[in-house]
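Reading through the structure tokens given below for one structure.
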Amino acid sequence: MNSTTVTQKQYIRYMLVAGLVAVSLGGWLLHLKIHPVSEDAEYFIPAISGILSVFIIPALFLYRKTIPYAYVISGITVIVGTVTMGHLSIVHLGEKGFTLYNVLFETLLADIAVLWTKLVLAKSIFELDLLQSAEQLKRTGRFFRYPNWGYWFVHLFAISTVYTLGHFLWR
């Protein structure tokens, strides 16, 4: 084998990273279109998060030693984006009424679903890196422990709670 040969596992990782870049770039450009940074200083945080998601996180996923860091950073950006977009959706939904139509089409539910695609891709890259043998195909471990999905749900709940308390206590 020469040094330019790519294994099937590496090829799959590169394709997943390319998907991560595509979905992150699409979300970032959509956000910049809706909330131009030049209009409000608050829009700098999502703009910086977009830069992180499009350039830094995918680069970290390309190196085996930095994959766990990329996975955690990606998860944090997804949770923060979910909490803030969820809050914005609830505020505007309260004005229109809570109907199934309004929840599906008048909130940022679709945007949040696209955002969670980032975490699915990040988890896939992370899991692919851990996979070394057929014996490791067995799923073991506690649901609420890192790196399982429950870990992210616990953090989503905790950050949502802190965000909500901060919103109501410091108005």
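Side chains included, hydrogens not; waters and symmetry mates left out as well; all remaining heavy atoms used.
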message = side-chain contact (heavy atoms from CB on, under 4.5 Å) for Asn148 and Phe153? Distances and angles first, verdict last.
response = CA-CA 9 Å; Asn148 297 319; Phe153 297 143; over 6 Å; no

Under the side chain to side chain donor-acceptor pair (under 3.5 Å) test, residues paired with Arg145 that sit two or more places apart = none

task = List in chain and number order the residues that pass side chain to side chain donor-acceptor pair (under 3.5 Å) with Lys9, two or more places apart in sequence or in another chain; answer none if no residue qualifies.
result = none

request  = Name all pairs fulfilling the side-chain hydrogen bond (donor to acceptor under 3.5 Å, both in side chains) condition that reach into residues 150-161, sequence neighbours left out, sorted by first residue then second.
outcome  = Tyr71-Trp152

ask   = Judged by atom type as modelled, is there a donor-acceptor pair below 3.5 Å linking the side chain of Lys123 to the main-chain atoms of Gly75?
value = no

ask   = Do any N or O atoms from the side chain of Thr7 and from the backbone of Gln10 form a donor-acceptor pair under 3.5 angstrom?
value = yes

ask   = Are Leu130 and Tyr69 co-members of a hydrophobic cluster defined by side-chain heavy atoms under 4.5 Å apart?
value = no

Show me the donor-acceptor pairs within less than 3.5 Å that the side chains of residues 82-93 make with the rest of the protein, sequence neighbours left out.
residue: Thr82; atom: OG1; partner: Val78; partner atom: O; Å: 2.7
residue: Thr82; atom: OG1; partner: Trp116; partner atom: NE1; Å: 2.7
residue: Thr84; atom: OG1; partner: Val80; partner atom: O; Å: 2.9
residue: Thr84; atom: OG1; partner: Gly81; partner atom: O; Å: 3.2
residue: His87; atom: ND1; partner: Tyr163; partner atom: OH; Å: 3.3
residue: Ser89; atom: OG; partner: Met85; partner atom: O; Å: 2.9
residue: Ser89; atom: OG; partner: Leu108; partner atom: N; Å: 2.9

ask   = Under the side chain to side chain donor-acceptor pair (under 3.5 Å) test, which residues partner Thr99, sequence neighbours left out?
value = Asn102

note = Sequence neighbours excluded, the answer for side chain to side chain contact (heavy atoms under 4.5 Å, CB included) partners of Phe105 is Tyr101

task = Give the minimum heavy-atom separation between Arg13 and Arg64, together with the two atoms involved.
result = NH1-N, 4.1 Å

message = Distance check, rounded to the nearest 0.5 Å: Leu119 atom CG versus Leu20 atom CG?
response = 10.0 Å

Side-chain polar contacts of residues 51-63 - donor-acceptor pairs under 3.5 angstrom, sequence neighbours left out - could you list them?
residue: Ser53; atom: OG; partner: Ser49; partner atom: O; Å: 2.9
residue: Ser53; atom: OG; partner: Lys118; partner atom: NZ; Å: 2.7

query = Would you say Leu16 and Val6 are hydrophobically clustered, going by side-chain heavy atoms of ILVMFWY under 4.5 Å?
reply = yes

ask   = Does any pair with a residue in residues 10-31 pass ring pair (Phe, Tyr, Trp, His ring centres under 6.0 Å), and if so which ones, sequence neighbours excluded?
value = His31-His35

task = Could I get the full list of side chain to side chain contact (heavy atoms under 4.5 Å, CB included) partners for Val37, not counting sequence neighbours?
result = Leu32, Phe44, Ala47

note = Those residues at least two apart in sequence (or on a different chain) that pass side chain to side chain donor-acceptor pair (under 3.5 Å) with Thr117 are none

query = By side chain to side chain contact (heavy atoms under 4.5 Å, CB included), which residues pair with Val154, not counting sequence neighbours?
reply = Phe144

message = Do Leu30 and Val114 have side chains that approach each other closer than 4.5 Å (heavy atoms only, starting at C-beta)?
response = no

message = Under the salt bridge (Lys or Arg N to Asp or Glu O under 4.0 Å) definition, can you give me all pairs with a residue in residues 27-46, not counting sequence neighbours?
response = none

inquiry  = With a 4.5 Å cut-off on side-chain heavy-atom distances among I, L, V, M, F, W and Y, is there a chain of contacts connecting Leu25 to Ile73?
reply    = no

ask   = Is there a side-chain contact between Val120 and Trp149, using heavy atoms and a 4.5 Å cut-off?
value = yes

query = Got a second to check how far Leu169's CG is from Thr164's OG1, nearest 0.5 Å?
reply = 10.0 Å

inquiry  = To the nearest 0.5 Å, what is the distance between CG on Asp129 and CD1 on Ile67?
reply    = 3.5 Å

